[in-house]
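Quick notes on the structure that follows.
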Amino acid sequence: MASSWHRWQLTAPLAALSRPVRTTARAVPLGHGPAAAAGTGVTEPADGLPVLLDGARARQVDPTTCGSAVLVMLAATGDPALAQWLETGRLPAGPRPPEVPEEEVAGGAGERFAAAQRRVKAATACRALGPLPWPAGLGTPPWTAAREARFPGVRYRVRPVDDTTDDGATVLGLVEAANRRGQPVPLYTGGDVRGGVAQAVPRHVVLAVPPPPGAAVPGTLRIYEPSRGSVFTVPSGDLLGRTEPLPALGGWTHVVAALLPVPA
């Protein structure tokens, strides 16, 4: 699995995430940012490290496609053909990745990423409520995200997370262990009942991504946040018993569910 992640790093914008980040005007002072707190010795910008697809920021295309963007990036970490198409528009010989539309996509990498998101959103909406589709305005339900998520050698299962319990800490430990094996893990985020019932259900999706080979820092997660198109380094302990929103979680407070990989 790690080799697939390494290929994606070599051919795609996430390669930048394996390199030290020089301090800029917007950088968080050493010792105060999430990366410094995690003991990486790297100063991370306050809005995370940008993820670029051939110069285009890898952002969700609209407010309902955070899950779709995450599933595209998840698939691309394990599928060099999809990674190549996203960046260059060219497909190598072999099976066509399901995220790639049948029709030609005009424009650059940003347009291709948007088209792939729309294709994935249609797939996750299909048969979401028995024979019925999922309402378009409600994003991506966890159960169909798990059904459509693809990465070599694994399938995904939904696991609820309560960050105030030992079980919640265990699940986040399983997320970190999967990342160390080279397997990305989608995470659903949200608020809590203090903000009303509507805030306490899954509201956003981010992706815990594997560290570069040999660069894992115990007790940390690297989280791709699709509304910003950035990756944040976060101490796992900072995700337990939270009371304040976190940029890495899309401005939400809690991880409320994880899509954990299990052997296929």
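Counting only heavy atoms from C-beta outward, the side chains of Thr77 and Pro210 never approach each other to under 4.5 Å. Side-chain contact between Val158 and Tyr188 is absent, with no heavy atoms from C-beta onward closer than 4.5 Å. For the pair Leu221 and Leu239, the minimum side-chain heavy-atom distance is below 4.5 Å. Between Val72 and Leu86 the shortest side-chain heavy-atom distance falls below 4.5 Å. A 4.5 Å side-chain heavy-atom check between Arg57 and Pro50 finds at least one atom pair inside the cut-off.
Residues meeting the side-chain hydrogen bond (donor to acceptor under 3.5 Å, both in side chains) test with Thr140, sequence neighbours left out: none. Under the rule for a salt bridge (charged side-chain N to carboxylate O under 4.0 Å, His left out), the partners of Glu176 that lie at least two apart in sequence or sit in another chain are Arg180. The side chain to side chain contact (heavy atoms under 4.5 Å, CB included) test applied to Ala115 returns Pro101, Val105, Arg118, not counting sequence neighbours. For Asp167, the salt bridge (charged side-chain N to carboxylate O under 4.0 Å, His left out) test picks out Arg159, with sequence neighbours left out. Residues satisfying the side chain to side chain contact (heavy atoms under 4.5 Å, CB included) test with Ala149, not counting sequence neighbours, are Leu71, Leu74, Tyr156. For Asp163, the side-chain hydrogen bond (donor to acceptor under 3.5 Å, both in side chains) criterion is met by His254, not counting sequence neighbours. By the side-chain hydrogen bond (donor to acceptor under 3.5 Å, both in side chains) test, Thr170 is found to be paired with no residue, residues two or more places apart in sequence or in another chain being considered. Judged as a salt bridge (charged side-chain N to carboxylate O under 4.0 Å, His left out), and not counting sequence neighbours, Arg119 has no contacts. The side chain to side chain contact (heavy atoms under 4.5 Å, CB included) check on Pro92 picks up Ala81, Gln84, with sequence neighbours excluded. Partners of Ser227 according to the side-chain hydrogen bond (donor to acceptor under 3.5 Å, both in side chains) rule, which considers only residues two or more places apart in sequence or in another chain, are Glu225. Legend: residues meeting side chain to side chain contact (heavy atoms under 4.5 Å, CB included) with Pro247, ordered by chain and number and at least two apart, are Arg228, Phe232.
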(request) Carefully, step by step, assess Asp54 and Thr88 under the rule side chain to side chain contact (heavy atoms under 4.5 Å, CB included). (result) CA-CA 7 Å; Asp54 193 31; Thr88 70; over 6 Å; no
(message) With side chain to side chain contact (heavy atoms under 4.5 Å, CB included) as the criterion, how do Leu187 and Val175 come out once you've worked through the C-alpha distance, each side chain's angles and the decisive distance to 0.1 Å?
(response) CA-CA 9 Å; Leu187 303 174; Val175 173; 4.0 Å; yes
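Shortest non-hydrogen contact noted between Gly250 and Val206 is N-CG1, 4.5 Å. Scanning both residues, Thr65 and Lys121, for their nearest heavy atoms gives CG2-CD, 4.0 Å.
Side-chain atoms of Tyr224 come within 3.5 Å of backbone N or O of Ala58 as a donor-acceptor pair. No side-chain donor-acceptor contact under 3.5 Å links Gln183 to the backbone of Val262. Looking only at distances, no side-chain donor or acceptor of Arg90 sits under 3.5 Å from a matching main-chain atom of Trp85. Under the 3.5 Å distance criterion, the side-chain polar atoms of Thr253 are left unmatched by any main-chain donor or acceptor of Arg242.
In the model, Thr124 has no side-chain atom that pairs as donor or acceptor with a side-chain atom of Arg147 under 3.5 Å.
Val61 is not connected to Val120 by any chain of hydrophobic side-chain contacts under 4.5 Å among Ile, Leu, Val, Met, Phe, Trp and Tyr, and they are in different clusters.
Counting non-hydrogen atoms of other residues, nucleotides and ligands closer than 6.0 Å to CZ of Arg96 gives a total above 12.
For residues 99-112, the set of pairs meeting the side chain to side chain donor-acceptor pair (under 3.5 Å) definition, not counting sequence neighbours, comprises Glu99-Arg150.
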